[in-house]
Amino acid sequence: MRKPIAAPCVARRFWLEDSTGQKLTRDNDYAGIHLTADVLRQGHVVAIKGLGGFHLACDASNAEAVNTLRQRKQRYAKPFALMASNVEQIEVYAYVNAIERQVLQGKAAPIVILTAKNHGLPRSISPDSDALGFMLPYTPLHSLLMHAFDAPIVLTSGNRSEQPQCIDNDEARSQLAGIADYFLLHNRAIVNRLDDSVVRVSNGNTHLLRRARGYCPEALRLPPGFEAADGILAMGAELKNSFCLIKQGQAIVAQHVGDLENATVQQDYRQAITLYRQLHDFTPTCITVDKHPGYLSSQYGQALTQQEQLALSSVQHHHAHLAACLAENAISLNAPPVLAAIFDGLGLGDDGQLWGGEFFLGDYRRCERLAYFEPIAMLGGSQAIREPWRNSYAQLAHYFAWDELKENYADVAFIQQLNSKPLALLDTMRAKKLNSPLSSSCGRWFDAFAAALGVHAETISYEGQAAVALETLAASAFVQESAYPNAHCLTLHNQHFILSWANLWRYVLDDLKQCVATQQIAARIHHSLVAATIETLLTLSLKTGVSDVVLSGGVFQNRLLLEAVSNGLQRLGKNVLLPKQYPMNDGGLALGQAAIVSALTLFRE
């Protein structure tokens with residue numbers, strides 16, 4: 001038996017027990033660590049109590065164990081996080097540059113998204129992506145276990161799919177029954193639930209995709225002009241929720257809470273707000289919410305304002321994305337406006353429609369929509385988010401006559417697939433505007449093209465799955481390929497520029513007809529979006545005289561898109577501002593909400 005490494009007190013008490021609750025080791029007996037390593041090698045799933053919650057672990061090299069964990073947890077597609085003993089072990093499986101190494105070994109110890117090598121780990125760890133998310137041990141218990149196991153393990157959140165992490169021993173025994181075969185427990189109470197933070201390095205910049213353990217509740221000193229900002233509670237968004245307190249010129253952004261559609265997450269969200277208010281001795285004078293009245297965060301914010309007789313403000317979704325980036329980049333309150341491309345899934349616009357492929361001129365107090373993707377019907381409403389083929393048909397039916405497509409592209413598999421759908425019903429819904437809201441969403445744009453290439457066309461199991469898979473498909477051919485010529489059309493209509501995509505669809509269908517490799521088509525689609533984005537921003541820059549550009553929104557988590565647009569703009573002399581320490585997805589929205597309302601309040605005063 002390998003001698004354990006020297007370590008400080010792991011906990012007051014730790015032990016291993018089986019799924020019946022029977023203790024298998026004495027308290028603080030290092031044999032329990034080695035027994036845990038042994039049952040992992042045997043293919044078992046172990047629930048491990050960590051710093052901010054439980055994890056579920058299995059041997060990352062054992063495909064059967066990984067698949068067993070997926071089935072039991074009912075997490076069928078989302079990538080699993082991995083833990084390794086050290087960076088050298090990670091480098092066996094993934095490429096690690098100097099900045100990624102620094103982040104991995106930093107005190108926050110986040111999950112770092114890395115480019116995988118031809119690594120030999122089961123594909124089921126990250127089914128839709130060629131990336132692997134690795135972290136290093138960040139507690140003594142993890143260090144002891146990884147020393148004893150000496151190989152990567154899957155270390156995913158200890159919960160059933162879409163539920164919050166378990167934080168209590170009895171809760172874990174109950175909730176994780178049937179998932180975990182063994183439990184490595186300790187007796188220290190977890191007061192504040194904390195997920196692992198997730199980081200990706202792009203173009204030498206560190207971008208936090210999920211801000212939690214290791215980064216929260218670190219405060220951000222707001223930019224010049226905000227010194228007197230105080231008393232704002234921003235409630236955040238519906239998905240990837242976090243909230244924000246503004247106190248004495250500082251923004252305290254809470255950890256990632258999760259998706260409020262889940263009742264248990266809602267309860268956790270309310271408890272976290274109460275905890276932060278107590279910890280920071282914070283009493284709000286104003287609550288700010290997203291403009292979408294259906295968001296549960298907005299509804300809870302409204303309820304709090306009534307209970308505590310506070311002021312209430314609402315903020316447009318994409319303006320909040322823009323303002324969050326400004327605040328993080330220390331842009332002063334009185335700075336001139338910037339241009340912004342904000343690409344995401346959905347956000348309620350000022351006109352009552354669903355936005356998501358937007359170009360703005362804005363600052364903290366004002367935000368003017370200058371250009372946008374041509375709005376397309378979401379056939380079936382929220383069902384179009386879960387079934388990407390609906391977005392493809394909506395786009396094709398908008399730009400073309402279906403009989404023409406059936407005739408010209410009869411041999412294209414996707415056209416055949418669509419022809420088996422209830423198209424007459426969908427046409428009626430679209431014509432009569434029945435459960436078919438118009439949306440300019442870039443997220444749905446990606447879903448549409450992914451489905452056309454046969455990537456998760458029928459259904460997705462998590463947000464952005466089709467787009468992630470399309471990016472992975474494009475990555476291998478991205479350097480060799482370029483944009484389709486004249487793939488987009490930028491036209492001025494009612495003082496707004498509108499991006500239309502009929503030509504791009506024609507090119508894609510022609511390539512599919514000619515059996516061009518889907519990797520090449522995916523790369524060309526990405527390049528075409530890059531070209532359209534840059535051209536639109538250059539047109540707006542000439543019109544407004546503004547050279548500072550913000551890129552934000554969850555779609556820009558696509559590294560191909562982010563790097564190509566950012567580099568292209570910089571080569572043309574534009575100053576590009578990016579979210580780095582706060583998520584560009586909805587996890588950073590509360591910071592923007594709080595900054596906007598603070599700015600408006602200070603100007604009123």
Checking S547 against N575 for the side chain to side chain contact (heavy atoms under 4.5 Å, CB included) test, could you report, in this order, the C-alpha distance in whole Å, the side-chain angles of both residues, the deciding distance, and whether it holds? CA-CA 6 Å; S547 292; N575 178 39; 5.9 Å; no
Taking only Lys NZ, Arg NE, NH1 and NH2, and the carboxylate oxygens of Asp or Glu, determine whether R559 and E471 approach each other closer than 4.0 Å. no
Carboxylate-amine/guanidinium contact R101 E88, below 4.0 Å: yes
Between F343 and F373, does the ring centre distance come in under 6.0 Å? yes
More than 12 foreign heavy atoms under 6.0 Å from CD of Q102: is that the case here? no
Under the side chain to side chain contact (heavy atoms under 4.5 Å, CB included) criterion, do S528 and H488 qualify, and how do the steps go? CA-CA 8 Å; S528 298; H488 66 276; over 6 Å; no
Does Q105 have more than 12 heavy atoms from other residues, nucleotides or ligands lying within 6.0 Å of its CD? yes
Would you say the side-chain atoms of R210 and Y215 include a donor-acceptor pair closer than 3.5 Å? no
Pairing residues for H321 by the ring pair (Phe, Tyr, Trp, His ring centres under 6.0 Å) criterion, not counting sequence neighbours: H317
Looking only at atom types and distance, does a side-chain atom of Q316 sit under 3.5 Å from a main-chain N or O of H318, one as donor and one as acceptor? yes
Under 3.5 Å, is there a donor-acceptor pair linking the side chains of Q593 and T288? no
Any side-chain heavy-atom pair of S598 and Y364 under 4.5 Å: no
So does D130 pair up with K117, basic N to acidic O under 4.0 Å? no
Tell me the closest heavy-atom pair linking S392 and A452, and the distance in Å. OG-N, 3.9 Å
Nearest 0.5 Å, please: how far is CD in E100 from OG1 in T115? 6.5 Å
Any Lys/Arg nitrogen of K291 or D350 sitting under 4.0 Å from an Asp/Glu carboxylate oxygen of the other? yes
Describe, in one word, how the ring planes of F449 and W505 are oriented to each other, choosing from parallel (under 30°), tilted (30 to 60°) and perpendicular (over 60°). parallel
What one should report as the nearest heavy-atom pair of L578 and N329 is O-ND2, 3.2 Å
Find out whether I331 and V338 are in side-chain contact, i.e. whether some heavy atom of one side chain is under 4.5 Å from a heavy atom of the other. no
If you measure from CG on L222 to OG on S332, what distance do you get to the nearest 0.5 Å? 12.0 Å
Looking at A450, is its backbone amide N or carbonyl O close enough to the side chain of H456 to form a donor-acceptor pair, meaning the two atoms are under 3.5 Å apart? no
Should F556 and C442 count as side-chain neighbours, where that means a heavy-atom distance under 4.5 Å? no
So which atom in C489 and which in T491 form the shortest heavy-atom distance, rounded to 0.1 Å? SG-CG2, 3.4 Å
Steps toward salt bridge (Lys or Arg N to Asp or Glu O under 4.0 Å) verdict (D510, K513): CA-CA 5 Å; D510 285 343; K513 184 177 182 179; over 6 Å; no
Approximate separation, where rounding is to 0.5 Å, of K580 NZ and H207 NE2: 7.0 Å
Where at least one partner belongs to residues 316-345, residue pairs that pass salt bridge (Lys or Arg N to Asp or Glu O under 4.0 Å), sequence neighbours excluded: none
Can you see whether Y372 engages Q353 through a side-chain donor-acceptor pair at a distance of less than 3.5 angstrom? no
For R430 and L379, indicate whether the former's side chain and the latter's backbone hold a donor-acceptor pair under 3.5 Å. no
If only atom types and distance count, is the side chain of Q465 paired as donor or acceptor with the main-chain N or O of E463 below 3.5 Å? no
Please check this pair: side chain of H527 against backbone of Y484, looking for a donor-acceptor N/O pair closer than 3.5 Å. no
d(F243 CZ, Q255 CD) to nearest 0.5 Å is 6.0 Å
How close do V597 and C286 get, counting heavy atoms only, and between which atoms? CG1-SG, 3.9 Å
Do the side chains of D363 and R366 get close enough for a salt bridge, i.e. N-O under 4.0 angstrom? yes
Is the shortest heavy-atom distance from the side chain of L490 to the side chain of T536 under 4.5 Å? yes
Do F359 and T533 make a side-chain contact, defined as non-hydrogen atoms from C-beta onward lying under 4.5 Å apart? yes
Can a donor-acceptor pair be found, under 3.5 Å and without considering hydrogens, that links the side chain of R200 to the backbone of I113? no
What verdict does the side chain to side chain contact (heavy atoms under 4.5 Å, CB included) test give for L504 and L529, after you've listed the backbone C-alpha separation in whole Å, the side-chain angles of each residue and the deciding distance to 0.1 Å? CA-CA 9 Å; L504 177 57; L529 178 57; over 6 Å; no
For the CG atom of N558 and the CD atom of E563, what is their distance to the nearest 0.5 Å? 9.5 Å
Between the main-chain N or O of G294 and the side-chain N or O of S298, is there a donor-acceptor pair closer than 3.5 Å? no
What is the minimum heavy-atom distance between I460 and I385, and which atoms define it? CD1-O, 3.2 Å
Under 3.5 Å, is there a donor-acceptor pair between the Q395 and W501 side chains? no
Run the side chain to side chain contact (heavy atoms under 4.5 Å, CB included) check on L537 and K574 step by step: do they pass? CA-CA 10 Å; L537 287 166; K574 307 305 175 185; over 6 Å; no
Nearest heavy-atom neighbours spanning Y95 and A116: CE1-O, 3.7 Å
Residue pair Q520 / D511, side-chain heavy-atom distance below 4.5 Å: no
Is M584 close to S552 at the side-chain level, that is, under 4.5 Å between some pair of heavy atoms? yes
Between S297 and A237 (side chain of the first, backbone of the second, donor and acceptor by atom type, cut-off under 3.5 Å), is there such a pair? yes
Tell me whether S197 contacts the main-chain N or O of A212 through its side chain, where contact means a donor paired with an acceptor under 3.5 Å. yes
Strictly distance-based, threshold 3.5 Å: is any side-chain N or O of D586 a donor or acceptor partner for the main-chain N or O of K240? no
Do W355 and R369 come close enough that some side-chain heavy atom pair is under 4.5 Å? yes
Going from CD on E368 to CG on L361, what distance comes out if it is rounded to the nearest 0.5 angstrom? 6.0 Å
If you draw the axis of the six-membered ring of F603, does the NZ or CZ of R365 fall within 45° of it and under 6.0 Å from the ring centre? yes
